[in-house]
Every structure is written in C-alpha cells, then in structure tokens.
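Just so you know, these numbers come straight off a predicted model, no measurement behind them. Along the sequence shown, the residues carry numbers beginning at 1. Scope of the values below: all heavy atoms of this structure, side chains included, with no hydrogens, waters or symmetry mates.
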Amino acid sequence: MNLSTLRFAKGSRKTRKRVGRGPGSGLGTTAGRGTKGHKSRSGYTSSLKEGGQMPFFRRIPKFGFINPSREEYETINVGQIEAWIKKGKLTPEVSLEALAKIGVPARRRRIKVLGNGDITVAITITAHAFSESAKEKIEKAGGKVILAERTLEEAERMQKTKPLDEALLTPKKPVEEIKKAAKLARKAAAAKK
C-alpha cells in the first residue's frame with residue numbers, strides 16, 4: 001500500500017456547488033438566491049416586518065409609568081433586625097455600614113425599615129426612611145431612629161471629591177449643618193494651598 005494511492009470512500013466527499021458562473025451552469029445570474037439587491041448579498045438580515053397589518057408592538061396594550069428619577073428602597077423589617085441581633089450579626093447600634101456587612105445592599109440603594117414583626121431590644125438605628133409602625137415599635141422598645149442623609153456610596157464619593165472629615169459623614173447632623181461644615185472645610189483646604 002502507498003499513501004499516494006489512498007482515496008476517500010466513494011460518496012463520502014461531494015464537489016462544492018459553484019454558483020454565479022454563468023447561465024450555462026444553471027446557477028448563474030442570481031446564483032440561486034432568486035433576487036437582486038440587498039437580499040442577494042451575504043450578511044443580509046431582515047428587520048421585523050409584518051406585512052400590512054397593525055404591528056405587534058402597536059397592538060398590545062401599554063400602561064403605567066416608570067419615573068427615571070425614582071428613589072429605590074431596600075426594605076427590612078423590625079422583626080428581621082431583632083433576629084439578627086439575637087444571632088449576634090448586629091449590635092443594638094445599627095448603622096448603614098453594619099447592615100452592608102451582613103448583606104443588606106445599603107451601598108447603592110436607600111434602606112427603609114418596615115414594622116412587620118416585634119422588637120424588644122432598645123436599638124439605635126440609622127436608615128433613610130421608616131414606616132410609622134416601625135418608628136412606633138422601635139421607640140416603644142426604648143430605641144431611637146436616625147434618618148440617614150445619604151447612602152454609603154454617596155458619602156464615599158463626597159469624601160473623595162471634597163475635603164470632608166469623618167464627622168461630616170455621620171447622618172446625625174441636619175443637612176444645613178453638614179453644608180455649613182463642608183463650606184468651612186473647603187475654605188480651610190484652600191487656605192492651606
């Protein structure tokens with residue numbers, strides 16, 4: 001046996017169809033594509049066309065409105081907070097940082113505390129919003145609620161771009177006080193230069 005005499009098995013290989021080689025070949029002119037123009041070119045993809053009827057996206061009903069500047073809240077219940085404190089995941093001083101550490105996505109979204117469940121521990125909790133029932137239950141248990149001015153991410157961004165000290169980032173101060181302190185900090189930084 002000689003390698004030069006080896007051949008593929010009969011019928012296992014087929015000669016490639018050569019299109020566009022003149023009318024005598026049977027596959028000339030439109031080369032089997034049956035049309036001219038854009039559809040005859042390689043890479044043609046048809047956009048969604050439905051003929052003369054009403055298009056699907058105009059037939060289906062549309063309703064509702066999504067406000068692009070809406071504030072999204074991540075919700076937690078007072079009952080969950082109590083369970084986390086009993087498990088040792090949280091201390092009675094509940095801050096945004098502490099919630100972020102246990103997996104509540106406090107970094108990007110705002111946190112709202114809801115009143116489902118009961119709380120017996122006196123806690124001091126910082127969040128962006130509280131339902132009336134949650135506020136009532138926390139205060140009834142001897143706790144305290146603090147409204148956070150901004151998310152952790154916003155606070156970190158402000159710290160990088162403006163000369164603010166750690167005290168300014170604590171949400172215990174009102175907005176006017178924070179702005180005033182920030183202005184003084186900027187003036188002090190400008191004077192140093």
Side-chain angles (χ1 to χ4, degrees), residues 33-87 89-90 92-121 123-141 143-162 164 168-179 182:
R33 287 177 185 259
T35 185
K36 291 180 263 187
H38 193 188
K39 290 181 185 178
S40 70
R41 309 285 185 257
S42 66
Y44 167 77
T45 50
S46 172
S47 56
L48 186 67
K49 290 186 177 71
E50 298 188 44
Q53 76 268 29
M54 186 63 73
F56 175 73
F57 75 93
R58 287 182 64 192
R59 282 201 305 269
I60 59 169
K62 285 164 279 290
F63 54 88
F65 168 73
I66 295 170
N67 184 359
S69 60
R70 71 192 180 280
E71 283 185 357
E72 287 185 18
Y73 285 94
E74 190 68 37
T75 58
I76 51 171
N77 289 297
V78 288
Q80 279 177 304
I81 294 164
E82 172 128 350
W84 285 330
I85 290 168
K86 283 179 179 174
K87 283 180 185 175
K89 288 184 175 183
L90 287 174
E93 287 286 327
V94 184
S95 64
L96 295 178
E97 291 87 344
L99 289 168
K101 276 178 189 170
I102 62 164
V104 178
R107 292 188 64 79
R108 298 188 186 284
R109 291 185 183 174
R110 294 167 186 277
I111 289 177
K112 184 169 183 173
V113 181
L114 302 178
N116 287 357
D118 292 310
I119 189 150
T120 53
V121 185
I123 60 166
T124 302
I125 181 163
T126 304
H128 300 96
F130 296 88
S131 69
E132 283 299 315
S133 60
K135 197 175 177 182
E136 199 178 299
K137 284 179 182 179
I138 291 164
E139 286 172 352
K140 195 176 178 182
K144 189 181 171 187
V145 297
I146 300 166
L147 282 174
E149 298 294 340
R150 55 179 79 89
T151 62
L152 283 179
E153 189 189 31
E154 287 165 348
E156 281 171 12
R157 193 167 55 240
M158 277 193 76
Q159 195 177 24
K160 283 174 189 169
T161 55
K162 294 174 185 173
L164 291 175
L168 293 177
L169 301 178
T170 56
K172 292 171 187 174
K173 296 185 179 183
V175 180
E176 293 78 22
E177 210 173 310
I178 290 170
K179 284 180 181 174

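Using a 4.5 Å heavy-atom cutoff, the side chains of Val78 and Asp118 are not in contact. Side-chain atoms of Thr124 and Val94, non-hydrogen and from C-beta on, never get closer than 4.5 Å to each other. Annotation: side chain of Thr75 is not in contact with side chain of Val113 (no heavy-atom distance under 4.5 Å). Counting heavy atoms from C-beta on, the side chains of Phe130 and Leu114 never come closer than 4.5 Å.
Remark: Glu136 pairs with no residue by the salt bridge (Lys or Arg N to Asp or Glu O under 4.0 Å) rule, at least two apart or across chains. For Glu71, the salt bridge (Lys or Arg N to Asp or Glu O under 4.0 Å) partners two or more places apart in sequence, or in a different chain, are Arg110. For the side-chain hydrogen bond (donor to acceptor under 3.5 Å, both in side chains) test, residues two or more places apart in sequence or in another chain that qualify with Glu82 are Lys86, Thr120. Among residues two or more places apart in sequence or in another chain, the salt bridge (Lys or Arg N to Asp or Glu O under 4.0 Å) test is passed with Arg41 by none. With sequence neighbours left out, the salt bridge (Lys or Arg N to Asp or Glu O under 4.0 Å) criterion links Arg70 to Glu72. Contacts of Ser133 classified as side-chain hydrogen bond (donor to acceptor under 3.5 Å, both in side chains), with partners at least two apart in sequence or in another chain: Ser131.
A distance-only check finds no donor-acceptor pair linking the side chain of Lys101 to the backbone of Lys89 [under 3.5 Å]. Between the His128 side chain and the Lys112 main chain, no donor and acceptor come within less than 3.5 Å of each other. Using a distance-only test at 3.5 Å, with no hydrogens or angles considered, no donor-acceptor pair links the side chain of Asn77 to the main chain of Gly79. Panel note: side chain Lys137, backbone Ile119; no donor-acceptor pair is recorded below 3.5 Å.
Going from atom OH of Tyr44 over to atom NZ of Lys39 covers 5.0 Å, rounded to the nearest 0.5 Å. The distance from atom CD of Gln80 to atom CD1 of Ile102, rounded to the nearest 0.5 Å, is 8.5 Å. Once rounded to the nearest 0.5 Å, the distance linking CD1 of Ile60 with CE of Met54 reads 12.5 Å. From Thr126, atom OG1 reaches atom CD1 of Ile111 across 10.0 Å, with rounding to the nearest 0.5 Å.
Counting non-hydrogen atoms of other residues, nucleotides and ligands closer than 6.0 Å to CD of Gln53 gives a total above 12.
Sequence neighbours left out, the pairs with a member in residues 55-67 that pass salt bridge (charged side-chain N to carboxylate O under 4.0 Å, His left out) are Glu50-Arg59. Residue pairs satisfying the ring pair (Phe, Tyr, Trp, His ring centres under 6.0 Å) criterion with at least one member in residues 57-84, sequence neighbours excluded, are absent.
Nearest heavy-atom pair across Ser40 and Gly37 is OG-O, 2.6 Å.
For the side-chain contact (heavy atoms from CB on, under 4.5 Å) with Ile81, the lone residue among Ile125, Val104, Ile138, Val121 that qualifies is Ile125.
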